[in-house]
Engineer: 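Got a structure for you, written out below as structure tokens; questions coming shortly.
Order of the sequence lines fixes the chain letters, A, B, ..., with proteins taken first and strands second; residue numbering starts at 1 for each chain. Everything numeric here is computed off the predicted structure, so don't read it as measured data.
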Amino acid sequence: MSAYLRKYNIMRTIPILNIKTENQTTKTITFNDKLCSRAKPGQFIMLWIPRVDEIPLSIMNSQKGEVSVTVKAVGSATNSLNSMKKGQNIGVRGPFGNWFSTRSNKCLLIGGGVGIVPLYFLLKKIVGDDKQITFINGAKTENELLFMSSIKILCKNQTILSTTEDGSYGYKGIITESLTKILRQEKFDIIYACGPESMMRNVFDIAELYKIPLEASLERLMRCGIGLCGSCVIGQYRVCRDGPIFNSKQLRKIQDEFGFSRLDFNGKKIPI
Amino acid sequence: MKSNSLETHIAGLHLNSPTMLASGIMSYSVDFFQRIAKEGVGGIVTKSIGLESRKGFENPTIVQINNGFINAMGLPNPGIASYANEIKKAKNVLNIPLIVSVYGFSIEEYETVAKKAINYGADAVELNVSCPHVKDTGLEIGQNPEKLFRAIKKVKNNVKKPVIVKLSPNVTNITEFATIAVEAGADALTATNTIHAMAIDIESTKPILSNIFGGFSGPPIKPIILRCVYELFKTVTVPIIGSGGITNWRDAIEFMLAGASAIQIGTAIALQNTKVFNDINKGIKSYLKKKRFKNVEQIVGLSQKI
């Protein structure tokens, strides 16, 4: 379980150091922050766009005091964040939440769309550790497959299976078909997953069938980020404090909700 | 000697321990109630529920100041009709009192929501007449003697379960408002809600909370709220529930010595997670044993004797 440290939750306001365009809708934003640069793969930050909003974002990379988050413009907050310029101020709290375990040897990472972000961070951390890695990424179309060139370099002695729904790159189809295909042939010590919740639910069902431990990174509406307000509750868990990474045992306890329902801003349970 | 020395009573409610969950904290769903019930919580106060559902404010809704927080969530809640299911489910699985916190934009709304909450199975209601950040409810009632009296009276006349009133510390003299609440029929008082406050980011030069103003909670406000409880105990005869920056058993004992029959925990859950209830209960128990008190009710208001 993640520990709460007061200094992590004090907001730091800092200028944007660098912005990189990943594709038409997605940018990677880099800033300097000592505390966040100690984050482990799977953790998230709360990022403040002054007088607009504050949103949870997965950490994509951290090194030498620099931290990057990758943001897909999907709503008003992410749109205004992605239209910010280098040098403009953002506020940062975190890092928050727990992180992926890194003990297992033969790992399968499966990420859909922008869900690849924490898995890319994980990949960077574990790829040198003498592990056997299979990296499955999937998206609607080729230019939505994020970080492809870096992944190819990182995984030069590993397996990459890419899937696009329109067949513009790699296998044509949906990402979970690639998962089933490989699990029929190979056994893994662990599966790490992040992506749309319906995809992760399918990954969970498949992992259960093949009896492979899963760690999935969940997403919910968040307000406080520190386990107080209840906005991100799923079953008995708070995604911000007890997660965002949940293992198979925990996912079994919330299987009525996982992939099916979430709380809206009013705290009302709605279908996903 | 009682088998359970932590047992306490608030306006006819039987509490297995004096540590309660404060309103506003993670209380949308029954699964979470069950989790903290296992931690030994004596009673649960829900999020404040209104007649209609409410989205609450945009983020940031919380900002850390030293080891406290200013929050302006904006009373997000699904509305009483939709919350009915959670109340009913909670009553089936919980064996501790469930207190529904109620707010309204009019006196009639307080009455309607309180009545419904009780009909769905709530053991009591706590009237939030002190929310410091949403206009036209809360403070506007809690700071207005006449409206406060009418709201409580109206609810009291229409529900048969205990009515607890959560007082605001944002008044010149809290005992005046407490007296009015008791005259109107309040069965117990929760002292208190958060302190009206704000924070500004000096780099961007902007206020941090989207609502600009919010309510300050946590350890920094403890001495202020403790003073409120001490004053209230001298003034009123109804039970007082202390709520303000309690993070450990020493704080809890202090509040009870000042006059609180029970205490509520909110902010401390961020600081210490849900085990805080169990930790506090254990600490109170050993204190009672060490000081040779038979039960927790013996120490309520003890520090008034000087």
Engineer: Return the SG to CG distance between A/Cys224 and B/Asn59, rounded to the nearest 0.5 Å.
Structural biologist: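 Rounded to the nearest 0.5 Å, the SG-CG separation comes out at 9.0 Å.
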Engineer: Check this for me: A/Lys86, atom NZ, are more than 12 non-hydrogen atoms of other residues, nucleotides or ligands nearer than 6.0 Å?
Structural biologist: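 Not buried by this count: 12 neighbours or fewer within 6.0 Å.
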Engineer: Tell me, for B/Leu209 versus chain A, whether the close heavy atoms (under 4.5 Å) come from the side chain, the backbone, both or neither.
Structural biologist: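 The answer is the backbone of B/Leu209.
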Engineer: Supply the atom-to-atom distance B/Leu271 CG to A/Ile226 CD1, rounded to the nearest 0.5 angstrom.
Structural biologist: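 One gets 7.5 Å once the value is rounded to the nearest 0.5 Å.
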Engineer: Take atom CD in B/Glu52; do more than 12 heavy atoms of anything else shown fall under 6.0 Å from it?
Structural biologist: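 No, not enclosed.
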Engineer: Only heavy atoms, only distances under 4.5 angstrom. Which residues in residues 47-62 of chain A are near chain B?
Structural biologist: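 Within residues 47-62 of chain A, near chain B: A/Trp48, A/Pro50, A/Arg51, A/Val52, A/Asp53, A/Glu54.
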Engineer: Measuring only between side-chain heavy atoms, which start at C-beta, is B/Glu203 closer than 4.5 Å to A/Ile90?
Structural biologist: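 Result no, sub-4.5 Å side-chain heavy-atom pair not found.
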Engineer: Relative to chain A, which segment of B/Ser53 carries a heavy atom at a distance below 4.5 Å: side chain, backbone, both, or neither?
Structural biologist: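 Both backbone and side chain of B/Ser53 come within 4.5 Å of chain A.
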Engineer: Is a side-chain N or O of A/Arg241 found less than 3.5 angstrom from the main chain of B/Ala270, in a donor-acceptor match?
Structural biologist: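 Side chain of A/Arg241 to backbone of B/Ala270, a donor-acceptor pair under 3.5 Å: yes, one is there.
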Engineer: Would you kindly say whether A/Thr13 and B/Asp201 are connected by a side-chain donor-acceptor distance under 3.5 Å?
Structural biologist: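 Yes, side-chain donor-acceptor contact under 3.5 Å.
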Engineer: So, A/Asn9 and B/Gln64: side-chain donor and acceptor under 3.5 Å apart, yes or no?
Structural biologist: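 There is such a pair between these side chains.
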Engineer: CZ of A/Arg6 to CZ of B/Phe69: how many Å apart, nearest 0.5 Å?
Structural biologist: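 Reported value, rounded in 0.5 Å steps: 10.0 Å.
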Engineer: Should the pair A/Asp242-B/Arg35 be classified as a salt bridge under the 4.0 Å nitrogen-to-oxygen rule?
Structural biologist: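 Looking at B/Arg35 together with A/Asp242, the answer is yes, because their closest N to O distance falls below 4.0 Å.
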Engineer: Measure distances from A/Met46 to the heavy atoms of chain B and classify the residue's part below 4.5 Å as side chain, backbone, both or neither.
Structural biologist: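 Only the side chain of A/Met46 comes within 4.5 Å of chain B.
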Engineer: Of all of B/Pro60, B/Gly56, B/Ser204, which one pairs up most often with chain A through heavy atoms under 4.5 Å apart?
Structural biologist: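 Most heavy-atom pairs within the cutoff with chain A belong to B/Pro60.
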Engineer: Does a sphere of radius 6.0 Å around NZ in B/Lys222 hold more than 12 heavy atoms from other residues, nucleotides or ligands, not counting ones at 6.0 Å or beyond?
Structural biologist: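 Yes, NZ of B/Lys222 has more than 12 neighbouring heavy atoms, counting only those of other groups under 6.0 Å.
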Engineer: Can you check whether anything in residues 244-272 of chain A gets within less than 4.5 Å of chain B, heavy-atom wise, and list it by number?
Structural biologist: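 Heavy-atom contacts from residues 244-272 of chain A to chain B are A/Glu257, A/Leu263, A/Phe265, A/Asn266, A/Gly267, A/Lys268.
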Engineer: Hey, what do you get for CZ (A/Arg223) to OG1 (B/Thr61), rounding to the nearest 0.5 Å?
Structural biologist: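 The distance works out to 6.0 Å.
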Engineer: Tell me, yes or no, whether the heavy-atom count around B/Lys91 atom NZ, taken from other residues, nucleotides or ligands under 6.0 Å, exceeds 12.
Structural biologist: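 Count over threshold, so yes.
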Engineer: Can you tell me how far the CG atom of B/Asp31 sits from the CD1 atom of A/Ile234, to the nearest 0.5 Å?
Structural biologist: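 Rounded to the nearest 0.5 Å, the CG-CD1 separation comes out at 10.0 Å.
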